[in-house]
Chemist: 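Structure incoming, see below.
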Amino acid sequence: MGVREILEKERLERADLITLLEAKDEEKKLLFEKATAVKLAEIGNKVHFRGLVEFSNICGKDCYYCGIRKSNKATHRYNVTDEQILDAARFAFENAYGSLVMQAGELESPAFTLRVENLLKEIKKLSKGKLGITLSLGEQSREVYERWFKAGAHRYLLRIETSNPALYQRYHPTDTLHDYARRLTCLKTLQRIGYQTGTGVMIGLPFQDTGDMADDLLFMKEFNIDMVGMGPYIEHKDTPLYAYRNQLLPIEERFDLALKMIATLRILMKDINIAAATALQAIDPLGREKSIKVGANIIMPNITPGKYRNDYALYENKPCVDEEPEECKNCLDVRIQLADGEIGYDEWGDSKHFHKRLAGE
Ligand code: 5AD
Ligand code: FES
């Protein structure tokens, strides 16, 4: 079956998804046009901001792809002070960003739990409850997730990285800290607690094919996920996976695949929030805007204090590391307009899917 016929189907099967992900030229254009139309019809052209604070790159994990993995001694480790985090939150609030994402390396400890809990309460206070808060702090116990939820976080992002357990094993050490089953349990726990739950994968990893990527999309659908952030895998020289760089697709093809993943997901899950991954912009200066045109509706401007940004290098060539938040904002304003979008200032921009899921629709 060709792309045109597939795009008219009510229900997409695995084989259909693979065809869409492999579409080229005219067929790829059809896919993108359909994704744009679905997005406009279902959620409109609004793009919502999530001010991203990468408050520490100290990480307890050792994932084989990630530049801030514990064993990478070449990384300069940092920890933004609470005061600076609150300043960043104030900036987001005063500039009508609507929401904030707090991201850091993965740590599990009573001190870390308490620190985040206090920060959440402070951010809620300084924004008079108005700033929405998303956490992206990895695997934690149910109790910790509950405490943070009560303290004011209402969305949580935990990328499954790949939905294929065998592949997951190849990208992570084999130990209890890097257990696929636990990651999955964490995602389920987040959903049960009542978080708007987000996940995501990397696209174009070594050993991964379009069948795996189709499975990733079906995983998101099956899981009834509310939000997705996914982007191209970008090799980092100080990581074990770098040894396989010769097996990777050329970077432009990984970029293209990431756009097709976003477009296909928009067609598969019409009302979820999809982020324009920053990794897209590391490859193409207009990468995030291109993803907005084909289905993404969330952008995460980096509001980490400038001097730390270079050190949160999960992958190479990370964009915007030299800009201060103020410059980034003006720049994004123009960029979103160029992508035919409109910024939803001062709004949470919740996932429509989440509210429908709660209402049992
Ligand atoms: N390339 C692209 N994305 C990466 N991440 C980590 N390392 C890389 C890389 N080399 C992503 C992971 C993680 C998120 C914070 O960043 O998906 O969940
Ligand atoms: Fe950050 Fe342009 S988007 S400087």
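We're numbering straight along the sequence, starting at 1. Counting starts at 1 for both ligands and their atoms, in listed order.
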Chemist: Would you kindly check if the NZ (Lys) or CZ (Arg) of Arg245 is within the cone defined by 45 degrees around the ring axis of Tyr242 and under 6.0 Å from the six-membered ring centre?
Modeler: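 Satisfied, under 6.0 Å and within 45°.
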
Chemist: Can you report which non-hydrogen protein atom sits closest to atom 7 (N) of ligand 1, along with the distance?
Modeler: Tyr65 CD1, 3.4 Å

Chemist: What protein heavy atom is closest to atom 9 (C) of ligand 1, reported as residue, atom name and distance in Å?
Modeler: Ile234 O, 3.5 Å

Chemist: Indicate yes or no: does an N/O atom of Arg159 lie under 3.5 Å from an N/O atom of ligand 1?
Modeler: yes

Chemist: Which bit of Pro232 is near ligand 1, meaning a heavy atom under 4.0 Å away: side chain, backbone, both or neither?
Modeler: backbone

Chemist: Does one side chain, of Ser163 or Asp215, offer a donor that lies under 3.5 Å from an acceptor on the other?
Modeler: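 There is no such pair (donor and acceptor under 3.5 Å, judged by atom type) between the side chains of Ser163 and Asp215.
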
Chemist: Indicate whether any N or O donor in one side chain lies under 3.5 Å from an N or O acceptor in the other, for Asp350 and His355.
Modeler: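 Asp350 vs His355: donor-acceptor pair found between side chains.
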
Chemist: Centroid-to-centroid, Phe207 to Tyr244, below 6.0 Å?
Modeler: yes

Chemist: I need the nearest protein heavy-atom contact for atom 12 (C) of ligand 1: residue, atom name and distance, please.
Modeler: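 Here the closest protein heavy atom is Glu161 OE1, 3.3 Å.
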
Chemist: Is there at least one pair of N or O atoms, one from Met202 and one from ligand 1, spaced under 3.5 Å apart?
Modeler: no

Chemist: Cation over ring, Arg155 on Tyr195, under 6.0 Å and within 45°?
Modeler: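 Not satisfied by the 6.0 Å and 45° rule.
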
Chemist: Testing Phe354, Trp148, Trp348, Tyr145 one by one against His154 for a ring pair (Phe, Tyr, Trp, His ring centres under 6.0 Å), which residue passes?
Modeler: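 Passing option: Trp348.
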
Chemist: Return the closest protein heavy atom for atom 16 (O) of ligand 1 as residue, atom name and distance.
Modeler: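 Looking only at protein heavy atoms, the one closest to atom 16 (O) of ligand 1 is Leu314 CD1, 3.3 Å.
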
Chemist: Does any N/O atom on Glu235 come nearer than 3.5 Å to any N/O atom on ligand 1?
Modeler: no

Chemist: Would you call Glu13-Arg11 a salt bridge at under 4.0 Å N-O?
Modeler: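 Judged by the 4.0 Å cut-off on N to carboxylate O distance, Glu13 and Arg11 do form a salt bridge.
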
Chemist: Tyr233 versus ligand 1: do any nitrogen or oxygen atoms come within less than 3.5 Å of each other?
Modeler: no

